[in-house]
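The block underneath contains the structure these notes are about, expressed in structure tokens.
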Amino acid sequence: MTDTTRLTATDSELRTTGAHAVSLPKIVSVAAIPYAIPYAKPLHFASGSIDVADNVLVQVTTEDGIVGIAEAPPRPYTYGETQESIVAAIDRLFAPVIVGLTPLDRERAREKVERTVANHTAKAALDMAMWDALGKTLGVSVHNLLGGYTGSLRVSHMLGFDPPQAVAEQAIALRDVLGITSFKIKVGQRPISRDVEVCRVVRDTLGDDVEIYIDGNRGWTASESAEALRMLSDVGLSRVEELCPADDVLGRRWLVAQCPVPFVADESAATPAEVTREILSGAANAISIKTARTGFSDSLRVANLAEGLGVETVIGNQIDAHVGTVCSLAFGAARRSTSRHAAELSNYLDMADHLLTEPLVIENGQMSVVPGPGLGIEIDPGKLAHYRTDR
Ligand code: MUC
Ligand code: MG
């Protein structure tokens with residue numbers, strides 16, 4: 001799994017250009033490769049559903065042959081991106097301005113890609129691929145470059161729409177087989193009583209030793225959310241997420257003001273500026289950090305902002321495939337503040353296959369940071385050839 005062939009940058013690769021400035025080999029190409037891997041167990045939630053990982057693998061190649069990787073998951077119901085739009089944005093807008101930079105030039109890359117609005121996951125994947133290339137060039141893990149706080153994270157699993165007993169059975173299997181004891185339950189589309197019943201059955205079946213929280217993906221109104229919170233008051237939720245739209249400005253503030261547990265902003269806080277607005281306006285009091293939308297560079301901004309404002313963060317899951325999961329893990333474990341809560345890392349388990357040379361491992365409810373330079377993972381060329389959809 002680890003790249004043992006190069007552990008440090010050579011003198012010729014690390015060129016000192018001034019008293020402090022150091023330059024690395026330049027990026028010579030950026031590839032955006034669409035692929036499709038089916039989900040063995042599709043996930044349904046209030047804003048959409050997913051039955052295939054139709055992601056885009058991003059590869060940033062430097063002049064010495066280092067390949068930094070990351071991936072972008074299209075989430076049209078959240079950011080308006082499609083697999084085709086991600087490939088087009090990278091090929092036509094971003095690759096031309098990134099080629100010629102080095103993996104150290106992440107802030108210059110950000111300045112250039114930010115001239116285009118939106119396209120969150122395309123930008124994030126490029127940023128993370130540059131970090132992976134940087135780590136591989138320096139022989140250092142991205143996790144260490146980001147802060148290196150701890151070697152593992154507790155895992156939280158996201159449970160989609162299913163009948164109450166089926167949801168409880170999934171949670172039991174995840175607990176018994178993998179040791180997972182934290183669960184996010186999707187709510188917000190079915191009758192409120194049905195969602196309440198799901199949470200209650202999971203609590204009753206698994207007992208008080210598991211963490212349960214809910215995510216409405218903006219499916220309820222503010223008053224429906226308040227009613228659901230009243231009905232759920234004895235279930236022991238640790239937090240709630242995006243129960244109603246942040247665009248229902250006053251309703252959302254009204255709801256957050258009476259919410260007895262932290263109210264997490266997820267899709268309403270997709271940029272550092274939106275995080276600031278949501279928190280300062282009282283539309284949320286906790287933040288979901290998703291490396292799939294803010295990469296590493298802006299996830300650092302969001303984490304710093306949240307720490308400065310004194311609000312908690314949770315590592316969220318953009319229904320990430322394996323490469324994306326490794327990115328969330330590397331970032332979440334890099335800081336104290338982002339490693340406090342269980343991180344939403346495990347939904348790759350629902351996929352039928354993956355692109356990596358080595359599988360990911362969850363043991364005792366924990367995932368260990370993948371060791372090795374960069375992200376520490378490699379793409380299996382045979383699997384990529386099999387699943388890519390552009391040839
Ligand atoms: C989540 O936390 O909301 C569903 C939609 C999306 O954008 O992310 C997922 C999970
Ligand atoms: Mg969410």
Side-chain angles (χ1 to χ4, degrees), residues 39 41-55 71-83 85-86 118-125 155-162 167 182-189 195 211-220 225 228 237-247 252 255-256 259 261-271 274-275 278 283-295 299 302 312-321 324-325 327-328 332 338 341-351:
Y39 270 71
K41 173 166 185 8
L43 184 78
H44 301 280
F45 43 97
S47 57
S49 64
I50 177 153
D51 54 16
V52 60
D54 52 350
N55 295 355
E71 68 182 334
R75 297 289 170 258
Y77 32 78
T78 312
Y79 311 117
E81 293 172 287
T82 64
Q83 188 180 47
S85 80
I86 291 168
N119 291 285
H120 296 303
T121 72
K123 292 173 181 172
V155 173
S156 179
H157 191 82
M158 195 155 60
L159 297 160
F161 293 161
D162 268 313
V167 177
S182 174
F183 300 98
K184 174 158 104 175
I185 299 178
K186 290 295 197 183
V187 296
Q189 196 185 45
D195 285 334
E211 173 181 38
I212 301 175
Y213 55 108
I214 56 173
D215 183 356
N217 288 112
R218 299 160 281 142
W220 286 328
S225 307
L237 301 178
S238 59
R239 73 184 83 94
V240 301
E241 183 170 315
E242 296 285 6
L243 298 184
C244 71
D247 283 354
R252 172 91 165 227
L255 176 66
V256 172
C259 185
V261 288
F263 193 107
V264 181
D266 173 12
E267 55 265 48
S268 63
T271 65
E274 286 175 356
V275 169
E278 294 306 290
N285 44 32
I287 294 295
S288 172
I289 297 182
K290 291 183 172 174
T291 52
R293 69 167 164 239
T294 36
S299 293
V302 171
E312 294 186 6
T313 51
V314 58
I315 295 295
N317 189 326
Q318 198 64 73
I319 320 171
D320 297 305
T325 300
C327 291
S328 298
T338 52
H341 295 298
E344 295 166 11
L345 297 171
S346 50
N347 283 80
Y348 71 85
L349 291 167
D350 294 337
M351 290 171 59

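Values in this document were obtained by computation on a predicted structure and should not be read as measured data. Both ligands and their constituent atoms are indexed starting at 1 by order of listing.
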Identify the protein heavy atom lying closest to atom 5 (C) of ligand 1, giving its residue, its atom name and the separation to 0.1 Å.
Phe45 CE1, 3.5 Å
I'd like to check whether Tyr77 has a polar contact with ligand 1, where a contact means an N/O of the residue lying under 3.5 Å from an N/O of the ligand.
no
Geometry only, no angles: is Asn217 polar-contacting ligand 1 at N/O separations under 3.5 Å?
yes
Backbone of Pro76 reached by a side-chain donor or acceptor of Glu81 within 3.5 Å:
no
Within ligand 1, which atoms have a heavy atom of Lys184 less than 4.0 Å away?
1 (C), 2 (O)
Within the structure, does Glu267 bring an N/O atom to less than 3.5 angstrom of an N/O atom in ligand 1?
no
Report yes if some heavy atom in the side chain of Thr338 is under 4.5 Å from a heavy atom in the side chain of Ile289; otherwise report no.
yes
Of the side chain and backbone of Lys186, name the one, both, or neither that has a heavy atom under 4.0 Å from an atom of ligand 1.
side chain
Determine, using heavy atoms of Met158 and all atoms of ligand 1, whether some pair is separated by less than 4.0 Å.
yes
Please determine if Lys290 has a nitrogen or oxygen closer than 3.5 Å to a nitrogen or oxygen of ligand 1.
yes
Determine yes or no for a side-chain-to-main-chain donor-acceptor pair under 3.5 angstrom, with Asn285 supplying the side chain and Pro262 the backbone.
no
Taking non-hydrogen atoms only, is Asp266 closer than 4.0 angstrom to ligand 1 via side chain, backbone, both or neither?
side chain
Only residue of Glu242, Glu211, Glu344 satisfying salt bridge (charged side-chain N to carboxylate O under 4.0 Å, His left out) with Lys184 is Glu344
Decide whether an N or O pair under 3.5 Å exists between Ser47 and ligand 1.
no
Among Asp266, Asp320, Asn317, find the one that has a side chain to side chain donor-acceptor pair (under 3.5 Å) with Lys290.
Asp266
Does a donor on one side chain sit under 3.5 Å from an acceptor on the other, for Ser328 and Thr291?
yes
Closest heavy-atom pair, Glu71 versus Gly324, reported as atoms and distance to 0.1 Å, is OE2-N, 2.8 Å
Below 4.0 Å from any atom of ligand 1, is there a heavy atom belonging to Arg75?
no
For Glu241, the atoms of ligand 1 under 4.0 Å from one of its heavy atoms are 2 (O)
Within the 4.0 Å heavy-atom shell around Ile319, which atoms of ligand 1 are there?
4 (C), 9 (C)
Please state the angle at the Mg ion (ligand 2) spanned by OD2 of Asp266 and OD2 of Asp215: what is it, rounded to 10 degrees?
170°
With a sphere of 6.0 Å drawn around CD of Glu274, does it hold more than 12 non-hydrogen atoms of other residues, nucleotides or ligands?
yes
Donor-acceptor contact below 3.5 Å, side chain Arg252 vs main chain Glu278
no
Which atom, counting only N, O or S, brings Glu241 closest to the Mg ion (ligand 2)?
OE2
Note the single closest protein heavy atom to atom 6 (C) of ligand 1, along with its residue, its atom name and the distance in Å.
Gln318 NE2, 3.1 Å
Residues Ile287 and Ala269: closest non-hydrogen pair is CD1-CB, 4.1 Å
